[in-house]
Amino acid sequence: MPSAASANDTEIVYRSCPTCEASCGLRVEIDPAMARVIRIEGDPEDARSEGYLCPKAYAMKEIYEDPERLKRPIRKTASGDWEEISWDEAFDYAVKRLSEIREAHGANANGYYIGNPTGHNVGGQLYLVPLMNALASQRGFSAGTMDQWPQNVVLHLMLGDPWMFPIPDIERTDFFVCMGGNPLVSQGSLMSGPNAKKRLRAIRERGGQVVVIDPRRTETAEIASQHVFIKPGSDAYFLLSVCHVLFEEGLVEPGRLADFTDGIESIEELARDYSPERVAAATGVDPETTRSLVRAFCAARGAWYGRIGLCTQEYGTLASWLVYVVNVLTGRLDAEGGMCFPRPATGRFEAGRPAEPFEHGRYHTVARRIPEISAQIPCGLMAEEIEAASAGDERMRGLITVMGNPVLSAPNGPRLAAALDELEFMVSLDIYLNETTCHADLILPSTVQLEHENYDFLFEGTTVHNFARWSPRVFEPEEGMRDHWEILCELGARLAGARAEVVDDLMVKGLLAMTVGPGTGCPDVSPEEAFARLDADRGPMRMIEAMIRVGPYGDRFDESAEGLNLARLQQAEHGLDLGPLEAGRLPDAMPQARLDLTPSYLTADLERLAAGLEERSREDRLVLVGRRQIRDMNSWLHNLPALAKGPNRCTLLVHPDDAGRLGLETGKRARVRSRVGEIEVECSVSDEMMPGVVSLPHGFGHHTPGTRLSTARDLQPGACSNDLTDETILDVPSGTHVANGIPVEVSIA
Ligand SMILES: Nc1nc2c(c(=O)[nH]1)N[C@H]1C(S)=C(S)[C@@H](COP(=O)(O)OP(=O)(O)OC[C@H]3O[C@@H](n4cnc5c(=O)[nH]c(N)nc54)[C@H](O)[C@@H]3O)O[C@H]1N2
Ligand SMILES: Nc1nc2c(c(=O)[nH]1)N[C@H]1C(S)=C(S)[C@@H](COP(=O)(O)OP(=O)(O)OC[C@H]3O[C@@H](n4cnc5c(=O)[nH]c(N)nc54)[C@H](O)[C@@H]3O)O[C@H]1N2
Ligand code: SF4
Ligand SMILES: [Mo]
């Protein structure tokens, strides 16, 4: 609740911004009587963000005020209009239709797609469980297969935990290598930390170096010590050449990692054929540049980092794996100033948790027999799994989308949009009637950020500096609105024939049964006692309380002790600073006893890589990569005037040489064509691109009739880059789509 009164009957509320991973601390000035936001500023007392904020901080205000956001369940009528219905009717309708489909065609006839904002909403994340359990469908899709899935696969195999990401210790590193990420704009992904610019500048100010390896001279490259162009999709070759040099020049020094790591020596053999000279034609990187980079990295206290440009490419798993390999060979994993493991207050990365086996291929898609990987199916295959022409009787007939807009964000959107209309039933948990949800039969909207409390759950596990942060609800939602977790829990419970309160209690009790009582780290309290002592009401904060009290900083259910509990968390209105990243957390913090540097599941893919080298060395095709911009967040902030105003942002960047050859000019329109589609966009000629590479942001293309996104349509309609993304090309071991390095033809429109 509002914490401090000031003059003019306004109040100041401190909370974090849930829009991107950085989770900046904000100071929100409100008029409580009018339920209005007066201004949003950075919170100077937040130790992580120190007053920083980006233009997207205003999204919280503008989403809250957006007249087009949905507040009540709406159902599509027979004539295609929408009618508001009560929550009870809405849940009944969804449960009836999904159950009918399941009874007639089995559990797999229903499927689900989970979108990105789930990770920014603690209730959204935790309460997927009852819904998933109740659906019991193998048809699970998420934005992860357009994102970090290769990294999950690699970490699962190497450490035993797919979610324990090593994060660059950028506060202490002296040499930061950044591949396939643009933290100045994204604010760091899997290196969550506000004000990436200041943090990266600080490396250089203390005499260190920042090296960016990217097919575009990005905003991050502009402030780096060195920028190296690399051909899209060739990073695995390049990283093998880095390993080659490390062995050739006697620079392999894993240090203490050698005590619990298997496979270090095998890398020498695997990298033998990949000298910098041999891969130069494929990567476009001059061999001497590679060699001097490797030497300089080894001479400093470095962190080698790779992000989405390395994931959503043809060899995404190998490239992601090799980044970790380089850090292990040089002793930089789990070392100060290297790649470290955060220590979340919820205790997710503590010693003693069991390793879950990596599973894949337990079932396959119907249309083209593509295997599941850790229960994920590539999201771009949704269309062919729905189409009767592709999947026949075993097709997907019912779909739940949760905070996702796959028609714009997943590959080959037009095919998906058409397929969605073949579904027998579709329900979307979303706040907008957008390009995806307009195909639904029912939309269930939640409260928005300022109307519910939050805890930065996912990103305390990916942060560059340990912290814990609770955010209060700023405004009471209007009568009859529901939080996202309530919708998930109710839907899951009703599908299972249970009551939501019972399901909610069982979730907490199930958690406590594993974490307190004899044989646990909290042996003196029984699960029943612990449950009775929880302060929070039902819902996600009760789950978080149960976690933090037994976590590494917790009070172990002893209120007289010093440790963290709900009250102490909530009192820390600027967030709790839990110190810099710790080194030396391995091997204890990983569920596997030993770190497996060369899992055969990964090394098997080296054959595919080897087979592609010759063609890559020869080719001179034009390829498309993505581009994030500070005012966008994937597809969904374009309906907010403060963020959508200004010039057209959906422009195609083209190198002057390519532009000259193709007759393109800045401001002129270009036609971009791929195997699957064609769009028209405005050009911008710039030598920030590598010759042969063009760049286009994703998440645009707001012109679908029947949506309620008038601001987006008027101010930033753009065109959708994923109309060009070929859904059939996959990074094989992870089943991740290739959104970077798409072959395209460009001509004057
Ligand atoms: N070409 C290309 N495509 C890409 C990428 C790329 O780099 N290039 N990046 C990929 C990545 S990394 C990601 S994460 C995905 C994102 O893919 P998605 O998650 O599918 O797409 P978003 O655009 O983030 O859509 C978010 C949806 O959540 C809804 N929403 C937002 N807040 C709330 C809320 O509080 N409650 C409810 N109920 N709904 C809410 C919005 O209305 C919107 O419909 O896109 C991927 N697509
Ligand atoms: N402003 C803003 N911030 C965001 C988002 C947003 O949409 N807007 N999205 C959020 C989400 S969901 C995510 S997942 C993160 C992603 O965060 P980042 O990983 O930092 O994402 P990008 O800014 O897309 O940076 C990807 C970079 O990879 C480069 N690249 C493309 N192909 C290749 C390649 O083959 N090799 C190499 N070496 N580089 C390549 C691109 O040129 C680009 O500079 O950002 C988050 N933050
Ligand atoms: S950088 Fe991210 S967390 Fe910080 S204000 Fe911008 S959108 Fe919010
Ligand atoms: Mo993402």
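Note that these values count all heavy atoms, side chains included, but never hydrogens, waters or copies made by symmetry. It should be emphasised that the depicted structure is a prediction, and the values quoted were computed from it without experimental measurement. Positions are given from 1 along the sequence. Whatever order the structure lists ligands and atoms in, that order sets their numbers, starting from 1.
- Neither the backbone nor the side chain of Thr220 has a heavy atom within less than 4.0 Å of ligand 2.
- For ligand 1, the atoms sitting less than 4.0 Å from at least one non-hydrogen atom of Ile308 are 12 (S), numbered in the order shown with element in parentheses.
- We find that Glu435 and Arg713 are not joined by a salt bridge, their nearest charged nitrogen and carboxylate oxygen being 4.0 Å or further apart.
- Taking 4.5 Å as the limit, every side-chain heavy atom of Pro215 sits out of range of all side-chain heavy atoms of Lys231.
- Within ligand 2, the atoms closer than 4.0 Å to a non-hydrogen atom of Thr218 are 44 (O), numbered from 1 in the order shown.
- Between Asp632 and Arg649 there is a salt bridge, since at least one side-chain N of the basic residue sits less than 4.0 Å from a carboxylate O of the acidic one.
- Within the 4.5 Å cutoff, side-chain heavy atoms of Asp235 are placed close to those of Gln313.
- Ionic pairing of Glu678 and Arg675 is not present here: no N-O contact between side-chain nitrogen and carboxylate oxygen is shorter than 4.0 angstrom.
- Nearest non-hydrogen protein atom to atom 26 (C) of ligand 2 is Gly180 O, 3.3 Å.
- Annotation: atom 39 (N) of ligand 1 to nearest protein heavy atom, Met403 CG, 3.4 Å.
- Here's the thing with Ser234: none of its N/O atoms is less than 3.5 angstrom from an N/O atom of ligand 2.
- Protein heavy atom closest to atom 35 (O) of ligand 2, with residue, atom name and distance, is Gly233 N, 2.7 Å.
- Proximity of a side-chain donor or acceptor of Thr312 to a complementary backbone N or O of Gly309 within less than 3.5 Å is not detected.
- In this structure, the protein non-hydrogen atom closest to atom 38 (N) of ligand 2 is Asp235 OD2, 2.8 Å.
- Across the listed options His120, His638, Arg628, Arg628 owns the non-hydrogen atom lying nearest to atom 9 (N) of ligand 1.
- A salt bridge is defined here as a Lys NZ or Arg NE, NH1 or NH2 lying under 4.0 Å from an Asp or Glu carboxylate O, and Arg216 with Asp687 fails to meet this definition.
- Ligand 1 has no N or O atom lying under 3.5 Å from any N or O atom of Asp147, backbone or side chain.
- Ligand 2 places these atoms under 4.0 Å from at least one heavy atom of Leu310: 37 (C), 38 (N).
- Arg627 places a side-chain heavy atom less than 4.5 Å from the side chain of Ser695.
- Under the 6.0 Å cut-off for aromatic ring centres, Tyr112 and Phe141 do not qualify, their centroids lying 6.0 Å or more apart.
- Annotation: atom 40 (C) of ligand 1 to nearest protein heavy atom, Ile431 CG1, 3.7 Å.
- Geometrically, ligand 1 and His452 share no nitrogen or oxygen pair separated by less than 3.5 Å.
- Screening Val448, Thr447, Leu70 for a side-chain contact (heavy atoms from CB on, under 4.5 Å) involving Met481 leaves a single residue, Thr447.
- With ring centers used as reference points, His120 lies under 6.0 Å from Phe459.
- Between Arg621 and Glu615, no side-chain nitrogen of the basic residue sits less than 4.0 Å from a carboxylate oxygen of the acidic one, so the salt-bridge criterion is not met.
- Closest heavy-atom approach to atom 47 (N) of ligand 2 within the set Pro183, Gly115, Ser186, Ser409: this belongs to Ser186.
- Separation of the Trp304 and Phe297 ring centroids falls under the 6.0 Å cut-off.
- Heavy-atom separations between Ser721 and ligand 1 include at least one value shorter than 4.0 Å.
- Contact annotation: Lys56 has at least one heavy atom less than 4.0 Å from an atom of ligand 2.
- Look at Asp723 and Arg415 and you find no salt bridge, because none of the NZ, NE, NH1 or NH2 atoms lies under 4.0 Å from a carboxylate O.
- For the ligand labelled ligand 2, residue Gly741 lies outside the 4.0 Å heavy-atom shell.
- Classification of Glu219 and Arg628 as a salt-bridged pair fails, no side-chain N sitting under 4.0 Å from a carboxylate O.
- Atom 3 (N) of ligand 1 has as its closest protein heavy atom Asn722 ND2, 3.0 Å.
- From the protein, the heavy atom lying nearest to atom 4 (C) of ligand 1 is His698 CD2, 3.4 Å.
- Closest protein heavy atom to atom 43 (C) of ligand 1: Asp430 OD2, 3.5 Å.
- Atoms of ligand 2 found under 4.0 Å from any heavy atom of Pro232, numbered from 1 in the order shown, are 34 (C), 35 (O).
- The pair Arg139-Glu385 meets the salt-bridge criterion, since a charged nitrogen lies less than 4.0 angstrom from a carboxylate oxygen.
- Among all protein heavy atoms, the one lying closest to atom 2 (C) of ligand 2 is Asp632 O, 3.1 Å.
- Asp658 has its side chain within reach of Leu622: a pair of non-hydrogen atoms, C-beta onward, lies under 4.5 Å apart.
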I would like to know whether Glu21 and Ser189 meet side-chain hydrogen bond (donor to acceptor under 3.5 Å, both in side chains); could you show each step before the answer? CA-CA 6 Å; Glu21 288 186 32; Ser189 182; 2.7 Å; yes
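- The existence of a salt bridge linking Arg608 and Asp731 is confirmed by a sub-4.0 Å separation between a basic side-chain nitrogen and an acidic carboxylate oxygen.
- Closest to atom 25 (O) of ligand 2 among all protein heavy atoms lies Asn182 N, 3.4 Å.
- The closest protein non-hydrogen atom to atom 15 (C) of ligand 1 is Ala143 CB, 3.8 Å.
- Contact annotation: Gln629 has at least one heavy atom less than 4.0 Å from an atom of ligand 2.
- Nearest-heavy-atom check against atom 10 (C) of ligand 1 across Arg69, Arg482, Met146 picks out Met146.
- Residue contacts with ligand 2: Met633 is included, with a non-hydrogen atom under 4.0 Å away.
- Among all non-hydrogen protein atoms, the one lying nearest atom 16 (C) of ligand 1 is Asn634 ND2, 3.6 Å.
- Listed here is the closest heavy atom pair of Pro168 and Tyr305: CG-CD1, 3.4 Å.
- Residue Asn116 has at least one heavy-atom neighbour below 4.0 Å for each of these atoms of ligand 2: 12 (S).
- Of the protein's non-hydrogen atoms, the one nearest atom 33 (C) of ligand 2 is Gly309 O, 3.5 Å.
- Heavy-atom distances between Pro445 and ligand 1 stay at or above 4.0 Å for every pair.
- Between Phe229 and His227, the distance separating the two ring centers is shorter than 6.0 angstrom.
- For ligand 2, none of its N or O atoms has an N or O atom of Tyr305 under 3.5 Å away.
- Shown in contact with His484 at under 4.0 Å from a heavy atom are these atoms of ligand 1, numbered in order with element: 38 (N).
- Residue contacts with ligand 1 include Pro117, since one of its heavy atoms falls under 4.0 Å from the ligand.
- Close N/O approach between Ile213 and ligand 2 is found [any backbone or side-chain N/O within under 3.5 Å].
- The single protein non-hydrogen atom nearest to atom 31 (C) of ligand 2 is Asn740 OD1, 3.3 Å, given as residue, atom name and distance.
- In this structure, the protein non-hydrogen atom closest to atom 18 (P) of ligand 1 is Tyr113 OH, 3.5 Å.
- Closest protein heavy atom to atom 44 (O) of ligand 2: Asp214 OD2, 2.7 Å.
- Nearest heavy atoms, Pro18 versus Met60: CD-SD, 3.6 Å.
- Atoms of ligand 2 lying under 4.0 Å from any heavy atom of Arg307, numbered from 1 in the order shown and given with element: 14 (S), 19 (O).
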